[in-house]
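Chain identifiers are assigned alphabetically (A, B, ...) following the order of the sequence lines, protein sequences preceding nucleic acid strands; residue numbering begins at 1 within each chain. Note that the structure is a prediction, hence the values are computed from the model and not measured.
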Amino acid sequence: MKYINKITLVVLIATCCMACKKSFLDRPSQSQISSDNFYKSTAELRLATANLYGGAPWGIWHHEAYLPFGDILSGNAYFPWYGDWVQLYTRTITAGNAVMQGGWKGLYNLVGQCNTVINSIEKNASKEISLSDKNAALGEAKFIRGMAYYYLAMLWGPVPIIEDNSKLIQNPLVKRNILTDVYKFITNDISFAAKNLPAIVEKGRVTTWSAQGMLAKVYLTMAGLGQTSGSRNQQYLDSAIKYAGNVCNRSGLNLLNNYANLFKAQYNDNPESLFALQWATGPSIAWEEGNLLLTYSPSNDINPQRNGAWTPLSPTYDLYLNYSAKDSVRRKASFMMNGDYYPELNAAGGGFTATGQSMKKHIIGNEKDNNTPNMTFTASIEHDALLRLADIYLVYAEAILGNNSTTTNSEALKFFNKVRERAGIDPVASINMDSILKERRIEFAFEGQYWLDLVRLSYWNPVKAVSVINNQQRVTFAFNNGIATPGTANTAIVPATISSFTMQLPAAELAADPLLAEPPVPYY
Amino acid sequence: MKSIKTIRFRLLLILTFFIVSFLSSSAFAQNAKISGRVINERTSAPAAGATISVKNKNRSTTSDANGRFTIEASAGDELVITMVGYVKKEVVVDKSNTIEVKLVENVIQLDDVVVIGYGKIKRKDLTGSISSINGEELRKTVPTTFDQALQGKVAGLMVQQVSGQPGGGVSVQIRGVSSISGSNSPLYVLDGVIIPSPGDPGSGSNPLNTINPTEIESIDVLKDASATAIYGSQATNGVIVITTKRGKSGAPSITYDGYYGFQELPKKLPTVNLQELATVLNERAKIWQFDARPEFVNPKYLGMGTDWQAELFRRAPMQNHSITVSGGDARTQYLFSTTYFNQEGIALGSDFKRYSVRLNLDNKTTNWLKIGTSIQLAYVDENVNATTSSVISNSLSLTPDIPVKNPDGTWGGITNTAGWITSVPNPVGLATLNTQTRDRYQVFGNVYADVQFTKDLSLRNEVSGNFDFHKEASFRPTYNFGRVVNNINSASSSMAQSLYTVARNFLTYNHSFSKYNLNVLAGHESQLSSFENTSARRTNFPSNSVQSVSSGDANTASNSATKGSGPALESYFGRVNVGFQDRYLLTGNVRADGSSNFAPGRRWVTTYSGALAWKINNEKFFKDIKFVNELKLRVGYGVTNNQGIPGNSFVTLLNSVTNGLSGNAQFQSNLANPFVSWEKTKYSNAGIDVSLLNWRINFSFDVYDRQTDGLLLKLPLPFYSGTTTSWSPGALQAPYVNVGAVSNKGFDFRINSTNIRNKNFTWKTDLTVSHNINKVVSLGAGGDAANLSQTYNGYVFAKTVPGRSMGEFYGYVFDGVFATPEDFITHALPVNQSGVAYPISPSGGGIWYGDRKYKDLNGDGVIDTKDQTFLGSPLPKVQLGFGNSFSYKNFDLNVFFSSSFGNKVFNRLVITQTNPQSNANYFRSVMDFARVSYVDPSGSTSNIYNAFVSNPNTKIVGLRNDNTNENNRPSDLYIENASFVRCKNITLGYRIPESFLSRFHLHALRFYATVSNAFIITNYSGMDPEIGSWNPLQAGWDGGYYPQPRTFTFGLNLNLTK
């Protein structure tokens, strides 16, 4: 027995000691790749940057804030039964407003994704990858980060600049940065993109023309920053002219012939599109990871799965009044009016006849109309453009107009009129600020642009910006027998002041970081 | 062919022989037959079931119903008589052949053994802080899961029900909240099987609900570092060791325990009836100038409408049946038990069934080897639809004008198409139509082999595992509840398995020297877990009656499968116990743990602790003090570590996602923190144990101080970090960080006394008191401004800051409504973020009569975010358990109260249900909305001097259609005192006299009736002030919980024998 004991003892002690190999404690994830093992080829860089073009990183901003800010707050549209949207419309926005919080959160989610991609590429990219490929990938991420900060700056003014999210682990509370530094950061990012992005690339990805166009837009905005005297900074205007001019004259890109086609999925990523969100569809796309604009549809009959027509946006009477009778192409492509017939919506069911006024842009029909059986109403296949060539044409014209009250400059007129001619309306012989504002409002209605145009104006001409929104006929309208009748205002609209052009900070954010209430500090 | 058959037959014979001899290997000896009787010394009643064994011989028997026994022994042999609840007695056999043994009741079970890590110790030799509770005590409350029954029974343990759903979650904390990362749960160890810590499993389920309370022999709660350190890194929040019943040598015992009961909703919330609803809406329509509802024109002629709570809640039955067979001889002991438990929930759409089988087996194979096993198979079948379909909150927010069913038999629902009316679905419809089932198949298994090398030295090898298979299926049919329509049906199904195995080997050396006792333990343990799951989902089913995923439209199919490696842990541990002359006891523990949860280089950590005890009553100078039976002082100190975070949080992980550009893209899923490391707790404990007056009064008092540093936290950062701790598409999962420090100090106290003890009547009282002060010492970076806030509706309602306890409520202080013109002149007015006061006006964007005033706490003349303050803590200051048991002849009565004092609860329902602007249902208090009247009824309605509020003391806002004043901002209106005293159970039992039973060859039979959750005394206005939470930052948020039912049960315990 003693002998057995000794053997057992020896064997068991030996097993104890050998029980665990050193690798026993290495338990890497079996379902996910670790960032340390990625970014080893150009193809892998592209998989990482592809993620920044749509899906979850854009989901919250696009669904919760993009149109409510751009079109409800600016007086283009109204929807009465959602309190947080009503607050935008009546300018009684509380610090707990869901749109405001969603916009802030969504944009910073996007910034976080861009930052992680940029920092991971810089840290982990294989040396095998050529510098131009690496910089092109960085350029894509920086272009998109620049866009995100551009929205943040225009909506909230001074905001904290976050470049490396992991630094917040050690030091989570930061102050806001002064607005000029935020713009400097934006131009740094987008200039890098303009320098390093290729001129031609696979459909859907951004090019140097996307970046130069955006850069022109940012410079045009900066030209007005702090210029309350009514004139804009000529140096920045010149930069805007330079970059917009490049895009207009040297990119080889042209407007799409048919305005209405811009908003159809068949024309996704057409040559006019400089930056469009690359949404995917299918049942695997979760809530706020897809294009949810079909929830603005006026009828379940024209929606995938016959569902989701929850919050149809009504155009305001004020918006309606901007369209001349001849401007019907853009009107019908932007919003429906009672009696309008759209053969392409629910085509199998004989098309759709509108019974009221509601947004048409982004309403692309059901799964059969788009020949996409797995399309869902929470994941529209439209790649909606956030920057298109027509925008740069109008930026070019506005930059040339600059500090003049009117201009007849041939370059400005040429591109301004290209936009009008495509819409089927008469060219103009001279341009002023009012005609530019109006043209932009019509051209980009329901593309989330008009509020940003008004903010840009408010930088250098606050009196005009305030009067524009205070003089709006902010009511919905009925349309019968060709006659539009404005409705009665049953909600009081709070008069705008210059402070209406800067959003307050979300209550929860201010509570999480009381330092945000302190005056902004320089970043550079 | 034939030869093979023969061989098989022979093999079978041999095998049968082994099995038979294995089960019946008792010794055959030739000695004189001794017969005797065992009786209770006090009552002279026969003591049935006592074990009588002959010392140093493998021979034993059990006394029968009359206390009689016979055993073979020769003169000079020593008989050892043991019985649960009595002091062990040894008798030397003399020449006579009959013996009468009088057993003394064991008041405090000093000889009881207490489970410490990897061993047992006599309670009197304990140096750490450990509380024990036996299974009998536990079952008095008729719990569905054992953790529910611990409330108030163990000092220092805070138990709160998270969901009253059958088998629902329970949060258990030992001596305060020391971790924010979500897991403040203690470590659960069931017969040596470590059960992974039960975090929030979702849907209100309880991961511990496969454990059957009827099988539990005892539960030991290890509280301080000296007790827990041996369990190492998983034990920083304490350890709950569950020991199941095992067989005892002696005659077989067959018992049946069963009960049947029903449960009911203890309290309904005061929702309005139809007449009241109509009255409020009519008044509101007058002011709003819209939403006048013709059907409500004359409230008098309306009925009471639908009482949704009455429709949803039911009187629900529950029953439990279990049969246990146990027994054995000196070599082999077995226990086999099987149980069926079935509980319907009080809310429609919730049910719980459990089937379980257990086999515990011990065998002394040779004189140097002992082997054994504990195996439990459990199947739990839960219907969690009530929780996943939120039927309770829907029943509170659906208005009484909606019928459950329309006259034509279709489901009732909101038909008013006005967009402002909240689309609340029919809760009875949802509970009936939707399916959401969860099936779990679980195996807990443990196999051990003890090798005895010498009398003092032994080695135990153990392999144990926890294998969990989980199946979940749901179906959402199409339905029409008025305008609430679901026109796409959908089904999903998922299967998951998680496996956990542990192998451990440890040597124990035990030796008594002349003055010393020495006990040394050294061992190694490795633990490994892994999980895998697949799920599938489709929509567009041709009919609501085909519900298998494959019948749905293939175009809508989505699926997912993940495979994960859970954490791996490797540990080396050791312990020394030294006793000196039974007066001084010393314990030292050390354990090295390696965890895969941290980056290489940060993986290994050492946990250690030490404790001293002084048994003063054994000192010479104490010899003459007779009324003190025990007096022991204990002190202990240790450092424990916690690794409670998910694996791989130290690297950035990429998820494959669908993308419109490249088809597939890589999404960065988390913000990695490569520096994350162990959380450390310094733990001091001092205690005293006293027994007086022949053990009739016993008490223990412990004070402790736990200082936790480097708190592990999934750090909630501001939105600008692009991270989230919960759900936020596109956000990075927040990093796990060692942040700040938290302190828990307090005491726990337990006293039990036998107040009266005579022949027919005994009265015992048991009181536990737990007091804990939780304080956040620091939150790391950010200094004093650092905080962890929790929001609801975009507002911060709870804020954790240094210097205060975790999860304190935060907001404004209500100061009445604007009721008189003076209020607008003298009271501070709210301002916008630019500091400009809102206009005083009844139109949109203004402040007007009936809006709430808030206290200007900083006295700057305006109401802004700086006027917020802390509104109380969700953590109880004191928890008490108070039990009394009486027995008179064959009757027994047990009454137990548990209570909690000094905590607040955020009654979230009040926000919407008392807001007249809400377009869902109301509580009755909304009838007292601020009524704006006019001095001159025909005068201006916007002149502040013409208007006033005629019920100025109301808390409910006016009927204006504007909320510029943010009347629903966080305030003390929603934070309520949640102190309570709950009568947890009253049980009355009756034991049928044995003399009567013996005629039917029965051994024991007891009938009982119990009322659980009999009543509750509280000022809290919600259903139940006990609001458990998995998230300490969001503790005490009542969002319409599944309430705990009141239960009436009738049961019996039957013991058949021989």
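- Among Gly96(A), Ser166(A), Ala50(A), the residue with the largest count of heavy-atom pairs under 4.5 Å with chain B is Ala50(A).
- Of the two parts of Ala503(B), neither the backbone nor the side chain holds a non-hydrogen atom closer than 4.5 Å to a non-hydrogen atom of chain A.
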- Stepwise side chain to side chain contact (heavy atoms under 4.5 Å, CB included) check, Val174(A) with Leu515(A): CA-CA 6 Å; Val174(A) 298; Leu515(A) 298 184; over 6 Å; no
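- Heavy atoms closer than 4.5 Å to chain A are found in both the backbone and the side chain of Gln668(B).
- Using a 4.5 Å heavy-atom threshold, the side chains of Trp104(A) and Leu152(A) count as touching.
- The part of Ser529(B) that comes within reach of chain A is its backbone (N, CA, C, O), which places non-hydrogen atoms under 4.5 angstrom from that chain.
- If you measure heavy-atom distances from Asn659(B) to chain A, the contacts under 4.5 Å come from both the backbone and the side chain.
- At a 4.5 Å heavy-atom cutoff, the contact between Ala672(B) and chain A is made by backbone atoms alone.
- Inspection of the Thr562(B) and Asn533(B) side chains reveals an N or O donor paired with an N or O acceptor under 3.5 Å.
- Neither the backbone nor the side chain of Val159(A) comes within less than 4.5 Å of any heavy atom in chain B.
- Inspection of the Arg145(A) and Asn115(A) side chains reveals an N or O donor paired with an N or O acceptor under 3.5 Å.
- At least one side-chain heavy atom of Pro57(A) sits under 4.5 Å from a side-chain heavy atom of Phe667(B).
- Using a 4.5 Å cut-off between heavy atoms, Pro160(A) touches chain B through its side chain atoms alone.
- With a 4.5 angstrom heavy-atom cutoff, Leu661(B) touches chain A via backbone and side-chain atoms both.
- Among Pro373(A), Gly59(A), Gly112(A), Gly204(A), the residue with the largest count of heavy-atom pairs under 4.5 Å with chain B is Pro373(A).
- In this structure the side chain of Gln666(B) reaches within 4.5 angstrom of the side chain of Ile33(A), judged on heavy atoms.
- Interface remark: Ser35(A) contributes backbone and side-chain atoms alike to the contact with chain B (heavy atom separation under 4.5 Å).
- The contact between Leu715(B) and chain A is made entirely by side chain atoms (from C-beta outward), counting heavy-atom distances below 4.5 Å.
- There is no contact between Val111(A) and chain B, counting heavy-atom distances below 4.5 Å.
- Proximity of Ser649(B) to Val676(B): side-chain heavy atoms (C-beta onward) are separated by under 4.5 Å at one or more points.
- If you measure heavy-atom distances from Gln917(B) to chain A, you find no contacts under 4.5 Å at all.
- Using a 4.5 Å cut-off between heavy atoms, Asn673(B) contacts chain A through both its backbone and its side chain.
- Looking at Trp279(A), the atoms closer than 4.5 Å to chain B (heavy atoms on both sides) all sit in the backbone: N, CA, C or O.
- Interface summary for chain A: among Thr556(B), Asn486(B), Val485(B), the most heavy-atom pairs under 4.5 angstrom belong to Thr556(B).
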- Item | CA sep, side-chain torsions, deciding dist, call: Ile60(A), Ser728(B), side chain to side chain contact (heavy atoms under 4.5 Å, CB included) | CA-CA 8 Å; Ile60(A) 292 185; Ser728(B) 175; 3.5 Å; yes
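- Side-chain polar atoms of Asn597(B) and Gln643(B) form a donor-acceptor pair below 3.5 angstrom.
- Using a 4.5 Å cut-off between heavy atoms, Ser721(B) touches chain A through backbone and side chain atoms alike.
- Proximity to chain B is limited to the side chain of Ile162(A), based on heavy atoms less than 4.5 angstrom apart.
- Only the backbone of Lys203(A) comes within contact range of chain B, with heavy atoms under 4.5 Å apart.
- Counting heavy-atom pairs closer than 4.5 Å to chain B, the top residue among Thr92(A), Asn97(A), Thr94(A) is Thr94(A).
- Looking at Leu168(A), both its backbone and its side chain come within 4.5 Å of chain B, counting heavy atoms on both sides.
- Using a 3.5 Å distance cut-off with no hydrogens or angles, the side chains of Asn670(B) and Tyr736(B) do not pair a donor with an acceptor.
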- Query: Between Thr652(B) and Leu671(B), does a side chain to side chain contact (heavy atoms under 4.5 Å, CB included) hold up when you go through it step by step?
  - Reply: CA-CA 6 Å; Thr652(B) 303; Leu671(B) 185 60; over 6 Å; no
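- Heavy atoms closer than 4.5 Å to chain B are found in the side chain of Leu516(A), but not in its backbone.
- Between chain B and the options Glu44(A), Glu367(A), Glu288(A), Gln113(A), heavy-atom pairs under 4.5 Å are most frequent for Gln113(A).
- Residue contact with chain B, scored on non-hydrogen atoms closer than 4.5 Å, is absent for His63(A).
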- Task: Starting from the C-alpha separation in whole Å, work towards a yes-or-no answer on salt bridge (charged side-chain N to carboxylate O under 4.0 Å, His left out) for Arg46(A) and Glu202(A).
- Result: CA-CA 11 Å; Arg46(A) 302 210 125 202; Glu202(A) 74 182 83; 2.8 Å; yes
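- Contacts between Thr502(A) and chain B at a heavy-atom distance below 4.5 Å are absent for every atom of the residue.
- In this structure, the portion of Pro735(B) lying under 4.5 Å from any heavy atom of chain A is its side chain and not its backbone.
- Proximity to chain B (any heavy atom under 4.5 Å) is shown, for Arg205(A), by both the backbone and the side chain.
- Both the backbone and the side chain of Trp287(A) have a heavy atom closer than 4.5 Å to some heavy atom of chain B.
- Aromatic pair Trp310(A)/Phe377(A): ring centres closer than 6.0 Å.
- Within the 4.5 Å cutoff, side-chain heavy atoms of Asn307(A) are placed close to those of Asn487(B).
- Comparing Asn559(B), Thr658(B), Asn648(B) by heavy-atom pairs within less than 4.5 Å of chain A, the highest count is held by Asn648(B).
- Only the side chain of Ile488(B) comes within contact range of chain A, with heavy atoms under 4.5 Å apart.
- A donor-acceptor pair shorter than 3.5 Å can be found between the side chains of His524(B) and Glu570(B).
- For the 3.5 Å distance criterion, the side chains of Gln278(A) and Asp269(A) qualify, holding a donor opposite an acceptor.
- Ionic pairing of Lys105(A) and Glu509(A) is not present here: no N-O contact between side-chain nitrogen and carboxylate oxygen is shorter than 4.0 angstrom.
- Partner Asn119(A) forms a side chain to side chain contact (heavy atoms under 4.5 Å, CB included) with one of Asp164(A), Asn124(A), Asn165(A) and no other, that one being Asp164(A).
- Only the side chain of Ser789(B) comes within contact range of chain A, judged by heavy atoms closer than 4.5 Å.
- Side-chain contact between Thr723(B) and Gln733(B) is absent, with no heavy-atom pair separated by less than 4.5 Å.
- For a residue to count as touching a neighbouring chain, one of its non-hydrogen atoms must lie under 4.5 Å from one of that chain's; by this rule Tyr795(B) touches chain A with the side chain only.
- Annotation: maximal heavy-atom pairing with chain A below 4.5 Å, among Val796(B), Leu732(B), Leu369(B), occurs at Leu732(B).
- Considering only heavy-atom pairs separated by less than 4.5 Å from chain A, the leading option among Ser560(B), Pro716(B), Ser596(B) is Ser596(B).
- The closest side-chain donor-acceptor pair between Tyr53(A) and Glu140(A) falls under 3.5 angstrom.
- Of the residues considered (Asp36(A), Asn374(A), Leu52(A), Leu47(A)), Leu47(A) shows the highest number of contacts with chain B, using heavy-atom pairs under 4.5 Å.
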